[in-house]
J.: 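Please find one structure pasted underneath; my questions will follow.
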Amino acid sequence: PLPEDPLHHLPRPAMKGAVVSCATALAVGRAAHRLLLPGPAAAAPPISPRPSLDLSADTIAIIEKMYKRGGKMVVATTGSGGYALSSLCKVSGMSNLIMEIRVPYDVESSSEYLNGVPEKFVSEKTAIDMAMRSHQRALELHSRAVIKKGLGVSGSPGEEEQDGEALEAKQQDPHRYARALCCDGGGRCVGIGCTAAVVSTRPRRGKHHAFVASFDGNEVRVAYLDMSKGARDRSGEDTCIGALIIKMAAESVGITVSSEYLPRALRSTELKSTTSTGDLLNGPRAIPISPLEQLIKGRASSALFFECKRNKASWVPEPKLPRGSLLLPGSFNPIHRGHVELGLAARDILWKLDKEGSVAAQKRPLFFEISINNADKGGIQKCELEKRLSQFESVEKGPFPVVVTNAKLFKQKSVLFPGCWFVVGFDTAIRVVDPKYYGDCKWRMCFAIKDLMEDGVRMVVGARKSGSGQLSTLQDVYRKLQDLDQNIFDLLKDFFVEIPSDRFRLDISSTELRMRAKKSE
């Protein structure tokens with residue numbers, strides 16, 4: 001890039017007439033060429049500083065407070081919002097809060113960001129969808145950072161340099177990832193969405209207005225601004241919308257904004273040559289969001305819950321679990337000691353195996369999983385889900401993180417959580433290799449499990465003692481595979497990992513506990 005603008009070195013005569021012309025282009029080229037010539041250059045006339053987008057003192061103060069508060073925020077805006085984005089970039093400390101800024105301006109870009117074409121681009125629903133997508137994006141970025149910092153499965157670079165006590169403490173915490181995602185950082189993830197229609201190159205028939213929404217994982221806040229037509233130019237309308245975005249973003253991280261901040265921006269941007277008919281501002285109003293309702297209505301595929309009673313921001317939608325995490329699926333109606341011991345035994349057994357390959361290996365994160373759609377037992381209602389989730393706060397050796405999904409099959413679960421290892425009891429393992437769940441085709445069963453293996457999925461199996469005293473182990477699963485076909489056994493035997501019966505044995509089921517409870521009533 002040239003150190004100076006060549007236009008400032010043009011002789012005055014060359015600037016006469018049309019600026020966009022062949023003569024001007026030739027003069028600019030010659031001026032640029034002279035700058036590249038060796039030797040002393042002629043003294044150039046002084047260049048006056050170019051006007052910049054000045055920020056008001058209150059805008060700077062608000063953004064500084066936001067950055068001081070910190071958090072994880074992704075902002076997405078379309079149709080307008082340049083003033084807000086520029087303001088955020090001009091104040092130091094941006095990396096303390098802003099993770100990403102997106103401007104999906106084109107129809108295709110907006111549709112891709114929202115995973116579908118909205119019914120109406122400038123609407124409250126679209127703004128809310130953008131805020132929720134931005135919140136999801138913030139969680140995705142935060143999840144990656146958490147895993148890279150060594151809170152995932154295997155040791156990360158630099159962990160070997162930590163002192164032994166610190167490393168051991170991290171390894172001994174089975175909920176390090178859930179805690180970092182739900183409580184330490186995930187609870188501070190915020191998404192901002194804005195969609196607007198402003199002054200354009202052609203007169204606009206509809207309103208000049210904007211919808212701005214924020215989503216922090218627990219509630220949506222949305223505001224609407226309807227600007228008087230003809231009262232401002234495009235820059236003025238963009239400044240008003242930008243002020244609303246900054247106000248909503250600040251309030252989403254707990255910063256109080258003066259009630260006069262936005263009206264002041266509206267007044268200062270009006271054109272003196274026009275008479276405003278008045279602007280309309282509605283909101284912001286809060287809309288509580290129930291993660292379970294989102295799952296039941298199919299608007300989300302999964303949600304992670306942890307320490308629900310102890311921390312307001314106790315859940316995150318669409319979590320990204322580290323590869324190799326342990327997932328223990330079940331209905332947990334009710335949860336009992338056997339479920340907990342099964343998960344902890346699997347975690348300890350695999351830790352020993354992992355340590356053989358890496359000294360810095362950590363205990364794998366352990367998650368319980370409830371599907372709202374069970375392959376054998378049907379759907380679960382919201383009130384029942386809330387009841388089952390509350391169990392994980394008071395269960396022995398708890399609390400435990402719980403993932404609620406709408407995936408009823410293991411293949412669907414593996415798509416949501418690639419590379420996760422499932423922890424199951426014997427009853428589930430024997431059903432997994434039952435051809436009746438695959439259209440009574442043993443080879444369809446074989447290839448389905450083989451696909452899971454290629455995705456890095458494995459199944460850790462605990463033993464089960466029946467009411468008659470018979471002990472069922474992974475060896476019984478192997479015998480069933482051999483009875484089906486020796487070739488199938490050879491292909492699938494490495495899919496399973498056994499928990500020795502002397503380390504864990506399940507002697508009771510949730511069904512038995514429910515029957516006992518009914519008898520005692």
Side-chain angles (χ1 to χ4, degrees), residues 125 128-129 132 135-136 139 178 182 186 215-220 286-319 321 327-340 342-343 366-395 398-417 420 422-425 427-428 431 437 508-521:
K125 183 180 184 303
I128 292 174
D129 289 345
M132 298 185 77
H135 178 259
Q136 181 183 4
L139 286 170
C182 285
F215 180 52
D216 64 359
N218 289 287
E219 71 174 15
V220 166
I287 306 173
I289 296 294
S290 167
L292 298 181
E293 287 182 358
Q294 298 292 308
L295 286 163
I296 292 171
K297 292 179 180 179
R299 296 175 182 170
S301 58
S302 62
L304 170 64
F305 296 81
F306 184 58
E307 295 187 346
C308 299
K309 296 180 180 177
R310 306 180 188 184
N311 190 292
K312 178 184 177 183
S314 57
W315 74 280
V316 291
E318 314 286 350
L321 306 186
L327 205 64
L328 200 164
S331 58
F332 307 110
N333 185 28
I335 189 173
H336 55 74
R337 181 182 176 185
H339 293 133
V340 176
L342 174 61
L366 171 64
F367 303 88
F368 290 81
E369 186 255 348
I370 301 176
S371 173
I372 60 175
N373 297 305
N374 188 282
D376 291 320
K377 304 175 183 179
I380 308 175
Q381 299 302 313
K382 178 186 173 184
C383 58
E384 180 62 26
L385 274 172
E386 292 174 340
K387 178 182 175 182
R388 296 187 194 182
L389 282 172
S390 65
Q391 301 176 109
F392 291 88
E393 296 300 311
S394 56
V395 70
F400 290 96
V402 188
V403 178
V404 181
T405 74
N406 56 17
K408 61 183 179 179
L409 304 177
F410 281 105
K411 179 59 179 177
Q412 295 169 338
K413 300 178 197 292
S414 70
V415 172
L416 292 177
F417 311 115
C420 284
F422 296 105
V423 181
V424 302
D427 293 346
T428 300
R431 285 198 301 270
Y437 292 100
I508 194 169
S509 69
S510 295
T511 303
E512 293 174 39
L513 289 176
R514 288 197 302 273
M515 292 176 64
R516 291 181 186 179
K518 287 182 179 180
K519 290 180 180 180
S520 63
E521 291 178 353

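Small disclaimer: the values here were computed from a predicted structure and weren't measured.
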J.: Under the side chain to side chain contact (heavy atoms under 4.5 Å, CB included) test, which residues partner Q136, sequence neighbours left out?
T.: R133, E140, E318
J.: For F215, give me all partners under ring pair (Phe, Tyr, Trp, His ring centres under 6.0 Å), at least two apart in sequence or on another chain.
T.: H135
J.: Does N406 offer a backbone N or O that forms a donor-acceptor pair with the side chain of S371 under 3.5 Å?
T.: no
J.: Between R431 and D427 (salt bridge meaning N to carboxylate O under 4.0 Å), is one present in this structure?
T.: no
J.: Out of S302, C420, P401, which residue meets the side-chain contact (heavy atoms from CB on, under 4.5 Å) rule with L321?
T.: C420
J.: What's the separation between atom OG1 in T405 and atom CD1 in I370, rounded to the nearest 0.5 Å?
T.: 9.5 Å
J.: Report the C-alpha distance between F368 and F400 in whole Å, list the side-chain angles of each, state the deciding distance to 0.1 Å, and finish with yes or no for ring-ring contact (aromatic ring centres under 6.0 Å, His included).
T.: CA-CA 7 Å; F368 290 81; F400 290 96; 5.3 Å; yes
J.: K387: which residues meet the salt bridge (Lys or Arg N to Asp or Glu O under 4.0 Å) condition with it, sequence neighbours left out?
T.: none
J.: Using a 4.5 Å cut-off on heavy atoms from C-beta on, say whether the side chain of L385 contacts that of I372.
T.: yes
J.: Give a yes or no on whether the backbone of I335 and the side-chain of Q391 come within a donor-acceptor separation of less than 3.5 Å.
T.: yes
J.: Does S414 have any side chain to side chain donor-acceptor pair (under 3.5 Å) partners at least two apart in sequence or in another chain, and if so, which?
T.: none
J.: So if I apply the side-chain contact (heavy atoms from CB on, under 4.5 Å) rule between F367 and each of L328, L304, V402, which one comes out positive?
T.: L304
J.: According to ring pair (Phe, Tyr, Trp, His ring centres under 6.0 Å), who are the partners of F410, at least two apart in sequence or on a separate chain?
T.: F422
J.: At their closest point, which heavy atom of E219 faces which heavy atom of P288, and how far apart are they?
T.: CB-CA, 4.0 Å
J.: Would you please name every residue forming a side chain to side chain donor-acceptor pair (under 3.5 Å) with E384, sequence neighbours left out?
T.: R388
J.: Report the relative orientation of the aromatic rings in H339 and F332; use parallel for angles under 30°, tilted for 30 to 60°, perpendicular for over 60°.
T.: perpendicular
J.: Can you tell me if K125 has over 12 outside heavy atoms packed within less than 6.0 Å of its NZ?
T.: no
J.: So which atom in S301 and which in L295 form the shortest heavy-atom distance, rounded to 0.1 Å?
T.: C-CD2, 3.5 Å
J.: Are side-chain heavy atoms of V403 and F305 found at a separation under 4.5 Å?
T.: no
J.: I need the L416 CG to K411 NZ distance, nearest 0.5 Å.
T.: 11.5 Å
J.: Checking D129 side chain against M132 main chain: does a donor-acceptor pair fall under 3.5 Å?
T.: no
